[in-house]
Novice: 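Supplied in structure tokens, the structure appears directly below.
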Amino acid sequence: MLKWIDTRSEQEIATAARALYSSAFPDAPEPAGVWAAPGRVNLIGEHIDYAGGASIPFALEQNTAVAVAPRSDGLIRIASEYDGSIAHAEAPLADVRSGYPADWSGYVAGTIWAATAAGALHCTGLDIAIVSDVPVGSGLSSSAALECSVAVAAYELSHGHVPDDAARAQLAQACIRAENEVVGASTGGLDQNASLLGQRGKALFLDFSTGAVERVPFNIEAQDMVLLIADTNAPHTLSDGQYASRRGIIDAVQSAAGCSIREIPNAVDFAATVDPAEAELYRHRVRHVVEETNRTLDAATALASSDLDTFRRLMRESHISLRELYEVTTPELDSAFTAAGELGARMTGGGFGGAVIALIPQSSVESTAQAIHDAAVSRSFPEPTFLVARPGEGARRLS
Ligand code: GLA
């Protein structure tokens, strides 16, 4: 039996957030509202957001919802429902700093801290109850969903109106800073931009060199195609050394050149000179970045002309590059990629676990999911879980 991931409606998840708020903070006033932000799926453009590249993600219909009320004593109190139990945390805003709090509550408190420091909002404390439908550790940006739901709630409570695109871009920067400095995960800007700027029915073209954001129609149903997500359920975390080591090489090359990989002429050859003892490794990593950037630009052109055949071919090449050159796939991801038929398939997100996506005909969803499942089970991997993904709305108020 295939397992499909359950998703609550907006109303259901808002009700759940309010219910958690009432039980976690029985003496507090009613929440001022419920806000939500989605996870994201990245279609192509992987591990290049920190290298001046480009990505084409979309916001998922799976959200993290927060019921929030302001406080006046400078305290952030958090209750979060996860995996059937409730976790509590508390932090005075004045104590938040680089490296504190470094656990999951750092995503929340760090976002308020960074947004306040950037002058994006004013906050004197919050009570926050969190519920989520975004799978954790699946490469679908549950951390960004958490940061961005809190950011948009705190923004609206501070300003009394919804953030426009410029304010969303500023909030995205604050979420990135929280993740980098407070939690200590050296991630780029892909996830936070997708969660804050996504729009129903649209994919995003994010150019990390120019900062340009375009919302592009993602109307694959017109060609009877769907996007299947297969979560391998092999857990990953980006705060371990693997992600940081990939990024470390790219940062070293960029700092030696004084510009992003995208702007370095003959970047692959240049990379080999940065650390001669590791020349081959540096060549491989930078070749992935250069080629993945070109693939993503080609994919944007293909999408604009509804050329899904080209788009699917580029997805396949992206996975192979992430496997061979960037070395961020796992046996579980590679098994799902092969079982999905390779064309239109690739791992998504940071890698080292997480999910594979497959852009496939509607009529082959069941058989593809079955093939991915059977391949995993035959190798004693965890049973994958599945989802058909459509572009949902970015961070917003629910009730
Ligand atoms: C994670 C990071 C992103 C990005 C991807 C890989 O999701 O948070 O910034 O680097 O990995 O593309």
Side-chain angles (χ1 to χ4, degrees), residues 37-60 64 104 106-107 110-111 134-148 172-198 203-209 211 213 229 231 235-251 254 260-262 285 288-293 295-296 299 314-315 318-319 321-323 325-330 333 346-357:
R40 64 96 191 92
V41 61
N42 191 25
L43 296 169
I44 195 159
E46 214 69 87
H47 277 285
I48 54 175
D49 57 343
Y50 47 82
S55 300
I56 311 180
F58 66 71
L60 292 169
T64 293
W104 62 273
Y107 293 113
T111 293
V134 184
V136 173
S138 305
L140 301 174
S141 295
S142 56
S143 324
L146 176 55
E147 293 150 14
C148 298
Q173 289 306 320
C175 295
I176 295 163
R177 184 169 179 214
E179 193 151 334
N180 289 177
E181 288 184 35
V182 177
V183 184
S186 58
T187 53
L190 161 62
D191 311 340
Q192 298 78 4
N193 278 295
S195 183
L196 279 160
L197 294 164
L204 292 168
F205 176 74
L206 303 176
D207 189 318
F208 298 99
S209 266
V213 176
I229 299 182
D231 183 353
H236 82 158
T237 159
L238 295 183
S239 44
D240 70 10
Q242 296 280 26
Y243 184 97
S245 81
R246 301 305 183 282
R247 179 158 185 176
I249 289 181
I250 302 306
D251 284 348
Q254 296 187 134
S260 75
I261 302 273
R262 189 144 159 209
R285 300 290 192 254
H288 165 76
V289 168
V290 170
E291 293 178 357
E292 181 78 353
T293 301
R295 267 192 292 277
T296 305
L314 294 165
M315 289 174 77
S318 169
H319 183 94
S321 179
L322 289 158
R323 186 182 67 199
L325 298 175
Y326 221 63
E327 298 181 277
V328 295
T329 67
T330 59
L333 290 166
R346 59 182 292 278
M347 58 149 273
T348 190
F352 310 109
V356 160
I357 54 175

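As a basis for the values below, the full set of heavy atoms in this structure was taken, side chains included, without hydrogen atoms, waters or symmetry mates. Keep in mind the model is a prediction, meaning the values are calculated, not measured. Residue indices begin at 1 and follow the sequence shown. Both counts, for ligands and for their atoms, begin at 1 and track the order of listing.
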Novice: Would you check if the side chain of N42 reaches a backbone N or O of T348 as a donor-acceptor pair within less than 3.5 Å?
Specialist: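 Such a contact is absent between N42 side chain and T348 backbone.
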Novice: Can you confirm whether the side chains of T293 and R262 place a donor and an acceptor under 3.5 Å from each other?
Specialist: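 Checked: T293/R262 side chains show no N/O donor-acceptor pair below 3.5 Å.
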Novice: Quick check on R40 - does any of its heavy atoms sit under 4.0 Å from an atom of ligand 1?
Specialist: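 The answer is yes, since R40 has a heavy atom less than 4.0 Å from ligand 1.
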Novice: Pull out every atom of ligand 1 sitting under 4.0 Å from any heavy atom of G188, numbered as shown with elements.
Specialist: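 With G188 as reference, the close atoms of ligand 1 come out as 9 (O).
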Novice: Find all atoms of ligand 1 within a distance of less than 4.0 Å from any non-hydrogen atom belonging to D49, and give their numbers and elements.
Specialist: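 Every atom of ligand 1 under 4.0 Å from some heavy atom of D49: 3 (C), 4 (C), 9 (O), 10 (O).
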Novice: Purely on distance, is any nitrogen or oxygen of E179 under 3.5 Å from one on ligand 1?
Specialist: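 No, no N or O pair falls under 3.5 Å.
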Novice: If we only count N/O pairs under 3.5 Å, is Y50 in contact with ligand 1?
Specialist: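 No: no nitrogen or oxygen of Y50 is under 3.5 Å from one in ligand 1.
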Novice: Does E46, backbone or side chain, put an N or O under 3.5 Å from an N or O of ligand 1?
Specialist: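 N/O-N/O distance under 3.5 Å: yes.
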Novice: Taking side chain as C-beta onward, heavy atoms only, is T187 less than 4.5 Å from Y243?
Specialist: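 Touching, per the 4.5 Å side-chain cut-off.
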Novice: Can you name the one residue among S55, S195, S141 that meets side-chain contact (heavy atoms from CB on, under 4.5 Å) with L190?
Specialist: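 One option only clears the test, and that one is S55.
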Novice: Measuring from atom NE2 of H47 to atom CD1 of I250, what distance do you get when rounded to the nearest 0.5 angstrom?
Specialist: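 It comes to 10.0 Å.
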